[in-house]
Protein chains: 2
Amino acid sequence: MTDQRHTKEQILDIAENFLRDRGYNGFSYKDISISLGIRNASVHYHFPTKTDLGVAIIRRAIGRFESWAQSLESRGLGHSEKLDELCLRFKTFVDHEQQVCLGGALQTDFKTIPDEMQKETREFVSSMLGWLEGLLKDGRKQGVFKFPGKTRDQALLMAAGLQGAVQLVRATTPSSFDSIMRQMKLLVYR
Amino acid sequence: MTDQRHTKEQILDIAENFLRDRGYNGFSYKDISISLGIRNASVHYHFPTKTDLGVAIIRRAIGRFESWAQSLESRGLGHSEKLDELCLRFKTFVDHEQQVCLGGALQTDFKTIPDEMQKETREFVSSMLGWLEGLLKDGRKQGVFKFPGKTRDQALLMAAGLQGAVQLVRATTPSSFDSIMRQMKLLVYR
DNA sequence: GTCTATAACGTGATAGAC
DNA sequence: GTCTATCACGTTATAGAC
């Protein structure tokens, strides 16, 4: 019984890894089954269709993001530290075999993924943008962040910068990510 | 004779469109052949392998970008106008069925594309980054742009922001692109 | 829950006629 | 240059035994 949840979770781990590594159309049930050491049909037992699998990956990511955001609260971090933690989160992708973030991968493949996945993707992105906007709004009010214009625009720019940064690394060098983070912070703190 | 070049160019147009629309693994020779009204095998006549096709798309994009940059010179545009033109270039993708930019699509699919395409992708990105860095360096020297930090970092941030922006549109709304451009300019002009 | 076996279809690619 | 026909293989997915 714990075994079921265990395998299911393992499949999600592996599939999400492939998704960030190769995109939604860049991996198959066979890849997952080989990676896990079971058979193709066994993967289908846990996730009947690839759509089910894709939706589950994104839903889990949404929950994980919200838990993460919550954990920052309970650790009592300040605005500046929270922003650092977000950047660190993306840096993890780069450090882990130059993977890209889930949102970026799903948006690039957007027109090829089923409707249910598109819907979850919007939800995921909306959740992240909402959090970031809140952080920037609060941080600016308290004088931690200093940027002109609308908070919403700044949040969008940072989200775009973050997801573009992890992708750019693949065509340049890992240090590009650090460059972009450095500059992003420079512009928001002065 | 002109017909050959014509069909070949049409294939490139259609394939590049698919690539920006659905990613490298999201379209097939069949899609192209149907779209062009010829047969699968005929497409293979012009581009024997999908790798050949992919490489040709990127090479053409590199040439096109350099012609575009050159055209800005002959039009005698200033630094500020050149930056506007770049943003406009990306906005075109958004306006055209919310497509993403070639660099972003290729980077997301990077680990699934053949070596030759990876090489061309690096070349393409390098070309764009070099141009942008030159623009920012010159513009800052002349007092048009005002940003702290390294020119290279700023160029990387803007490239990441641009490619992230066209992608984010898909999961949010087209106006996100305008928001991001507005904020990007705000930060580089003050 | 996992297996074997297989269906139904899509993919990149090639041979050879016209 | 384009066609028909076909190959070899990968894909998602299902039926049914263990």
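This structure is a prediction, so every number in the text was calculated from the model and none was measured. Below, chains carry the letters A, B, ... as their sequence lines are ordered, and counting in each starts from 1.
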* Asked: Of the nucleotides dT11(D), dT2(D), dG12(C), which one has an atom closest to the side chain of His46(B)?
  -> dT2(D)
* Structure fact -> Separation of dC18(D) atom P from Tyr45(A) atom OH, nearest Å, is 19 Å
* **Contacts of Ala155(B) that satisfy side chain to side chain contact (heavy atoms under 4.5 Å, CB included) - sequence neighbours left out** => Leu132(B), Glu133(B), Leu136(B)
* Asked: Do any of residues 48-56 of chain B sit with a heavy atom less than 4.0 Å from DNA chain C, and if so which?
  -> Pro48(B), Thr49(B), Lys50(B)
* Atom CD1 of Ile34(A) to atom P of dT2(C): distance rounded to whole Å? -> 17 Å
* Could you pull out all residues at least two apart from Arg39(A) that satisfy side chain to side chain contact (heavy atoms under 4.5 Å, CB included)? => Ser42(A)
* Does Ser28(A) put a side-chain nitrogen or oxygen below 4.0 Å from OP1 or OP2 of dT11(D)? -> yes
* Asked: For Glu116(B), which residues count as a side chain to side chain contact (heavy atoms under 4.5 Å, CB included) partner, sequence neighbours excluded?
  -> Thr51(B), Val55(B), Pro114(B)
* Asked: Taking the six-membered ring of Phe145(A), is the NZ or CZ of Lys137(A) close enough (under 6.0 Å from the centre) and on axis enough (within 45°)?
  -> no
Distances under 3.5 Å only, N/O to N/O: pair up the protein atoms with those of nucleotides 3-7 of chain C.
residue, atom, partner, partner atom, Å
dC3(C), OP2, Arg39(A), N, 2.5
dC3(C), OP2, Ser42(A), OG, 2.9
dT4(C), OP2, Arg39(A), NE, 2.7

* Arg60(B): side-chain hydrogen bond (donor to acceptor under 3.5 Å, both in side chains) partners, not counting sequence neighbours -> Glu9(B), Asp13(B), Glu16(B)
* Please list, chain by chain and in numerical order, all residues satisfying side-chain hydrogen bond (donor to acceptor under 3.5 Å, both in side chains) with Thr173(A), sequence neighbours excluded. => Ser175(A)
* **Residues which pass side-chain hydrogen bond (donor to acceptor under 3.5 Å, both in side chains) with Asn25(B), listed by chain and number, not counting sequence neighbours** => Thr112(B)
* **Ring-face cation contact, Tyr24(B) with Lys50(B), 6.0 Å cut, 45° max** => yes
* To do: Quick one: list whatever passes side-chain hydrogen bond (donor to acceptor under 3.5 Å, both in side chains) with Ser126(B), sequence neighbours left out.
  => none
* Structure fact -> In whole angstroms, the gap separating P of dT4(D) from NE2 of His44(B) amounts to 15 Å
* To do: Only counting residues at least two apart or in another chain, list the ones meeting side chain to side chain contact (heavy atoms under 4.5 Å, CB included) with Ala171(B).
  => Gln107(A), Thr121(A), Val125(A)
* To do: May I ask you to list the residues of residues 10-24 of chain B, by number, that have any heavy atom positioned under 4.0 Å from an atom of DNA chain C?
  => none
* Give every residue pair that meets the salt bridge (Lys or Arg N to Asp or Glu O under 4.0 Å) criterion with at least one member in residues 94-105 of chain A, sequence neighbours excluded. => Lys91(A)-Asp95(A)
* Let me know the distance between CZ of Phe27(A) and P of dG10(D), rounded to the nearest Å. => 18 Å
* Taking atom C1' of dG12(C) as reference, at what distance in whole Å does atom CG of Asn25(B) sit? -> 12 Å
* Starting from P on dA13(C), measure out to OH on Tyr29(B) and report it in whole angstrom. => 6 Å
